[in-house]
Amino acid sequence: MKCENCKAVADEYIECEIMILAIDLILHKPKAYRHLLHNVINQETMKFQGLLWKLAVIFLFFEYYRCLILESSKGKLDSSMSVSPSVSICWKVLMDVLFGNLMFLLTFFFMVMMLFHVSITITRCIDLLLALMISSYFKIFFIAMMVWEFPSSVIFIIELFCLSSNAATLKVMTDSTMSRCVWTCFSAYAIKFIITWILELLPGQLMQGWSQMPFTFYKPA
């Protein structure tokens, strides 16, 4: 179909192969994101709720593995624990993933309301959540880190690509300026890393305070 105003093709990616679409997504072309979010992912033509839950599970798995790599780079996992880490480390990583991403989403939606002056309804919240998880496709490169050894700094490069992809997706979803979209995503990522850093220091501070607490033993008279 052609646009009634400019007479241009409405969606040229319908005739393109998936590889061309993937390349344009990596290049952050707005038309590619618009095609993916509006024409491919349609609530009327696909099982939308099932896709949302599957993407959420995959997203949390990649986040868990990212935190596990960071814990391993800090020397908390030795070679004997690389395959089956201890329960305490797994529990801590799980808390970092759940609480960090919860604060990420809360900050993201709060910034959307403040900067874009829109009300966050359930439908719009689901659309933005799905767009965030889809635009975080750079996390798939964590699979390569399962096979080959990379320095932990690669994780921050992947997160930087995810931030830029999230901003490009938000621009397509809201038709706003790129500066507002970047600021919104940057604020959410900043809060996420700050919360993760606080959770990293909190157990050590509690243990140190507990060890320095004076104890007095009274003998019975």
Side-chain angles (χ1 to χ4, degrees), residues 25-26 28 33 36-37 41 48-49 51-74 89-143 145 152-174 176-203:
L25 287 174
I26 295 175
H28 295 356
Y33 282 100
L36 180 63
L37 296 174
I41 302 175
F48 188 79
Q49 297 295 334
L51 177 63
L52 182 63
W53 284 110
K54 291 178 182 178
L55 289 177
V57 171
I58 296 174
F59 179 86
L60 292 177
F61 171 76
F62 283 138
E63 282 290 301
Y64 179 85
Y65 188 71
R66 178 186 65 84
C67 293
L68 201 62
I69 294 175
L70 291 177
E71 292 292 329
S72 177
S73 65
K74 295 173 184 177
I89 295 296
C90 289
W91 178 255
K92 178 185 178 301
V93 170
L94 183 61
M95 290 296 102
D96 291 345
V97 170
L98 295 180
F99 195 69
N101 284 280
L102 176 61
M103 296 304 298
F104 170 82
L105 293 177
L106 292 178
T107 306
F108 178 81
F109 291 131
F110 176 77
M111 294 298 294
V112 169
M113 289 189 297
M114 293 297 295
L115 295 181
F116 302 101
H117 305 287
V118 295
S119 58
I120 301 297
T121 60
I122 297 179
T123 303
R124 192 172 185 84
C125 180
I126 293 176
D127 291 337
L128 291 175
L129 181 61
L130 183 63
L132 278 176
M133 289 187 293
I134 291 177
S135 60
S136 300
Y137 56 85
F138 278 101
K139 293 183 183 293
I140 198 173
F141 288 103
F142 287 143
I143 298 179
M145 301 186 70
S152 58
S153 59
V154 176
I155 295 179
F156 299 100
I157 297 176
I158 295 176
E159 291 292 323
L160 184 61
F161 277 111
C162 289
L163 190 153
S164 62
S165 181
N166 294 154
T169 304
L170 184 60
K171 184 180 185 301
V172 171
M173 296 291 294
T174 59
S176 182
T177 59
M178 193 64 182
S179 59
R180 290 185 179 182
C181 298
V182 171
W183 179 247
T184 300
C185 296
F186 178 79
S187 301
Y189 274 91
I191 293 297
K192 174 183 174 181
F193 283 112
I194 291 174
I195 293 299
T196 305
W197 178 69
I198 293 176
L199 292 177
E200 178 72 22
L201 296 179
L202 188 58

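As the structure is a computational prediction, the values presented were derived from the model and not from experiment.
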Inset, instruction - Just do the side-chain contact (heavy atoms from CB on, under 4.5 Å) check on D96 and Y64 with the steps written out, would you? - result: CA-CA 8 Å; D96 291 345; Y64 179 85; over 6 Å; no
Inset, instruction - Could I get the full list of side chain to side chain contact (heavy atoms under 4.5 Å, CB included) partners for S119, not counting sequence neighbours? - result: T121
Inset, instruction - Can you measure from CE (M111) to OG (S187) and round to the nearest 0.5 angstrom? - result: 3.5 Å
Inset, instruction - To the nearest 0.5 Å, tell me how far I126 CD1 sits from I120 CD1. - result: 12.0 Å
Legend entry - Which residues share a side-chain hydrogen bond (donor to acceptor under 3.5 Å, both in side chains) with T174, sequence neighbours left out: none
Inset, instruction - Mind checking the SG-CE spacing from C181 to M173? Nearest 0.5 Å is all I need. - result: 11.0 Å
Legend entry - Residues that L98 engages under side chain to side chain contact (heavy atoms under 4.5 Å, CB included), provided they are two or more places apart: L94, M95
Legend entry - Exercise: do H28 and S164 side chains pair donor with acceptor under 3.5 Å: yes
Inset, instruction - Tell me, please, which residues at least two apart from T177 pass side chain to side chain contact (heavy atoms under 4.5 Å, CB included). - result: S179, R180
Legend entry - Closest non-hydrogen atom pair, R66 against I155: CG-CG2, 3.4 Å
Inset, instruction - Nearest 0.5 Å please: distance from the CZ atom of F110 over to the CE atom of M114. - result: 4.5 Å
Legend entry - Distance in Å, F186 CZ paired with L163 CG, rounded so as to fall on 0.5 Å steps: 8.0 Å
Inset, instruction - Could you tell me which residues satisfy ring pair (Phe, Tyr, Trp, His ring centres under 6.0 Å) with Y189, sequence neighbours excluded, listed by chain and number? - result: F104
Throw together a table of side-chain donor-acceptor distances under 3.5 angstrom for residues 131-143, partners on residues two or more places apart or in other chains.
unit_1: S135; atom_1: OG; unit_2: A131; atom_2: O; d: 2.8
unit_1: S135; atom_1: OG; unit_2: L132; atom_2: O; d: 3.0
unit_1: S135; atom_1: OG; unit_2: N166; atom_2: ND2; d: 2.4
unit_1: S136; atom_1: OG; unit_2: L132; atom_2: O; d: 2.8
unit_1: Y137; atom_1: OH; unit_2: L25; atom_2: O; d: 2.6
unit_1: Y137; atom_1: OH; unit_2: I26; atom_2: N; d: 3.4
unit_1: Y137; atom_1: OH; unit_2: Y33; atom_2: OH; d: 3.2
unit_1: K139; atom_1: NZ; unit_2: E63; atom_2: OE2; d: 2.6
unit_1: K139; atom_1: NZ; unit_2: E159; atom_2: OE2; d: 2.8

Legend entry - Separation of D127 CG from R124 CZ (nearest 0.5 Å): 8.0 Å
Legend entry - Intermediate values then yes/no, side-chain contact (heavy atoms from CB on, under 4.5 Å), L128 and L170: CA-CA 8 Å; L128 291 175; L170 184 60; 4.1 Å; yes
Legend entry - Nearest non-hydrogen partners of C185 and A167, listed with the distance: SG-N, 3.6 Å
Inset, instruction - Count the heavy atoms of every other residue, nucleotide or ligand shown that sit under 6.0 Å from CZ of F161, and state whether that count exceeds 12. - result: no
Inset, instruction - Looking only at non-hydrogen atoms, find the nearest pair between G100 and K192 and report the distance. - result: O-CG, 3.8 Å
Inset, instruction - Using a 4.5 Å cut-off on heavy atoms from C-beta on, say whether the side chain of T107 contacts that of T184. - result: no
Legend entry - For L160, side chain to side chain contact (heavy atoms under 4.5 Å, CB included) partners two or more places apart: none
